[in-house]
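Inspection log for the structure reproduced underneath, given as structure tokens.
Each residue takes its place number in the sequence, starting with 1.
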Amino acid sequence: MKEINWSVPLESEEYKEDIELMVKDAMAAIEETAPGYYVNLVTPGCHGHPDEYLLPRLKNLFGTVISSKFINQCGCGGFVYRVWKNSVENN
């Protein structure tokens, strides 16, 4: 579990070619983030704005365990999306 604020780059060619892999690795990064911290997800521009394809899937999986905010569009065309881990899941 990462007890720091951190970033995960999801902009490489493999993520540009496989949106499902990118979403899977974004979800894994959130799972690795300890409650009270955030992870910046840096997504490729070719998939469009994360609000349209990533946020609905994150909310569906994590619900109120996360909060998110669009930060900025990178000069390279990608997007920075910040996701906070609010609390641990109850199993």
Listed by chain and number, what are the salt bridge (charged side-chain N to carboxylate O under 4.0 Å, His left out) partners of E20, not counting sequence neighbours?
R57
Applying salt bridge (charged side-chain N to carboxylate O under 4.0 Å, His left out) to R82 and not counting sequence neighbours gives none
Measuring from atom CD of E11 to atom CE of M22, what distance do you get when rounded to the nearest 0.5 angstrom?
10.5 Å
When rounded to the nearest 0.5 angstrom, what is the spacing between CG in D25 and CD in E31?
11.0 Å
In chain order, what residues pass the side-chain contact (heavy atoms from CB on, under 4.5 Å) check against [X], with sequence neighbours excluded?
{"X": "E32", "value": "K2, W6"}
{"X": "K24", "value": "none"}
{"X": "E3", "value": "A34, Y37"}

For [X] and [Y], work out which heavy atoms get closest and say how close.
{"X": "P56", "Y": "P50", "value": "CD-O, 4.4 Å"}
{"X": "F62", "Y": "M27", "value": "CZ-O, 3.6 Å"}
{"X": "K85", "Y": "I30", "value": "NZ-O, 3.0 Å"}

Return a table of donor-acceptor pairs under 3.5 angstrom between the side chains of residues 66-74 and protein atoms on other chains or two or more places apart.
unit_1: S67; atom_1: OG; unit_2: N86; atom_2: OD1; d: 3.3
unit_1: S67; atom_1: OG; unit_2: N86; atom_2: ND2; d: 2.9
unit_1: Q73; atom_1: NE2; unit_2: G77; atom_2: O; d: 3.2

Report whether L58 and I19 are members of the same hydrophobic cluster (ILVMFWY, side-chain heavy atoms less than 4.5 Å apart, transitive linking).
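Yes, L58 and I19 fall within the same hydrophobic cluster.
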Would you say the side chain of T33 lies within less than 4.5 Å of the side chain of Y38, judging by non-hydrogen atoms?
no
Residue of the set D51, N40, T43 for which side chain to side chain donor-acceptor pair (under 3.5 Å) holds with Y81
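One option only clears the test, and that one is D51.
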Among L41, V8, L55, V65, the one residue meeting side chain to side chain contact (heavy atoms under 4.5 Å, CB included) with V83
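In the set L41, V8, L55, V65, the residue that makes a side chain to side chain contact (heavy atoms under 4.5 Å, CB included) with V83 is L41.
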